[in-house]
J.: 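I have a structure here, written as structure tokens, and I will follow up with some questions on it.
The structure displayed is predicted, hence computed values, not measured ones. Heads up: numbering here begins at 1 and tracks the sequence.
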Amino acid sequence: MDTFKTPKPGESLADYVLRIRKGLNLTQFELADAAGIHSRSVGKIERGLTMKLSHKTLSGLALALSVPVEYLQAVVRGEEVVPMPAIKFCPQCWNPGGAADPMWGNVRAKFCYLCGTQLRASCRNCGELVVSLRYKFCPLCGKPYKDGSVNR
């Protein structure tokens, strides 16, 4: 879990966006460009002049900052973020759309007990935590969780 990106208790939207942007070494212009919003909007958010965000702005900022939309929504509402536990799975043995093997969920498990492949708990493309294996694709970037070249 990336605790750097988790909002701190009582952190304002302005402080949160500024902290994450600086942590990623992005300028306001670069962040705005990646989020698909006007560069002045980032400045207004970081100065605390914008307290509510549209759905488009929330989605764009979440993507540009590589944080879940829920983090930004919680910060806007002034709520504490309860991080969701990630699900570990073997990218070789997991059957897309199927459940994860309970052995992979062991706190100490780092590698698959069947094939020895390192277990994964995030999307290999964007790093978003996997919180459900109900679907075969990452909801943030759309890439498959399992490498397409592996047929099992």
J.: Should Trp94 and Lys146 count as side-chain neighbours, where that means a heavy-atom distance under 4.5 Å?
T.: yes
J.: Between NZ of Lys52 and CG of Leu58, what distance do you get to the nearest 0.5 Å?
T.: 12.5 Å
J.: May I ask you to test the Ile37-Leu31 pair for a side-chain heavy-atom distance under 4.5 Å?
T.: no
J.: Would you say the side-chain atoms of Arg120 pair up with the backbone N or O of Tyr145, donor to acceptor, closer than 3.5 Å?
T.: yes
J.: Do Leu26 and Leu18 belong together in a cluster built from hydrophobic side chains that touch within less than 4.5 Å?
T.: no
J.: Indicate if Phe29 and Leu65 have the same hydrophobic cluster label, given that clusters are the connected sets of ILVMFWY residues with side-chain heavy-atom separations under 4.5 angstrom.
T.: no
J.: For residues Arg19 and Asp15, determine if any side-chain heavy atom of one lies less than 4.5 Å from a side-chain heavy atom of the other.
T.: no
J.: Does some side-chain heavy atom of Val17 sit less than 4.5 Å from a side-chain heavy atom of Val75?
T.: no
J.: Would you indicate whether the side-chain heavy atoms of Met51 and Leu13 approach each other to under 4.5 Å?
T.: no
J.: Are Cys138 and Cys126 packed together at the side-chain level, in the sense that at least one heavy-atom pair is separated by less than 4.5 angstrom?
T.: yes
J.: Just wondering, do Leu119 and Phe89 contact through their side chains at under 4.5 Å, heavy atoms?
T.: no
J.: Do side-chain atoms of Arg124 reach the backbone of Pro144 as a donor and acceptor pair under 3.5 angstrom?
T.: yes
J.: Between the side chain of Ser59 and the main-chain N/O of His55, is any donor-acceptor distance below 3.5 Å?
T.: yes
J.: Examine distances only and state if a side-chain atom of Glu30 and a backbone atom of Thr27 form a donor-acceptor pair shorter than 3.5 Å.
T.: yes
J.: Does Asn106 offer a backbone N or O that forms a donor-acceptor pair with the side chain of Lys88 under 3.5 Å?
T.: yes
J.: Applying salt bridge (Lys or Arg N to Asp or Glu O under 4.0 Å), can you list everything that pairs with Arg77, at least two apart in sequence or on another chain?
T.: Glu79
J.: Please report, to 0.1 Å, the donor-acceptor pairs under 3.5 Å made by any side chain of residues 110-117, with sequence neighbours excluded.
T.:
{"from": "Tyr113", "atom 1": "OH", "to": "Asp101", "atom 2": "OD1", "distance (Å)": "3.3"}
{"from": "Tyr113", "atom 1": "OH", "to": "Asp101", "atom 2": "OD2", "distance (Å)": "2.5"}

J.: Is there side-chain contact between Tyr16 and Val67, with at least one heavy-atom pair below 4.5 Å?
T.: yes
J.: Apply side chain to side chain contact (heavy atoms under 4.5 Å, CB included) to the pair Ile45 and Leu61, showing each step before the final yes or no.
T.: CA-CA 11 Å; Ile45 291 168; Leu61 278 177; 3.8 Å; yes
J.: Nearest 0.5 angstrom please: Ile20 CD1 to Ser66 OG, how far?
T.: 10.0 Å
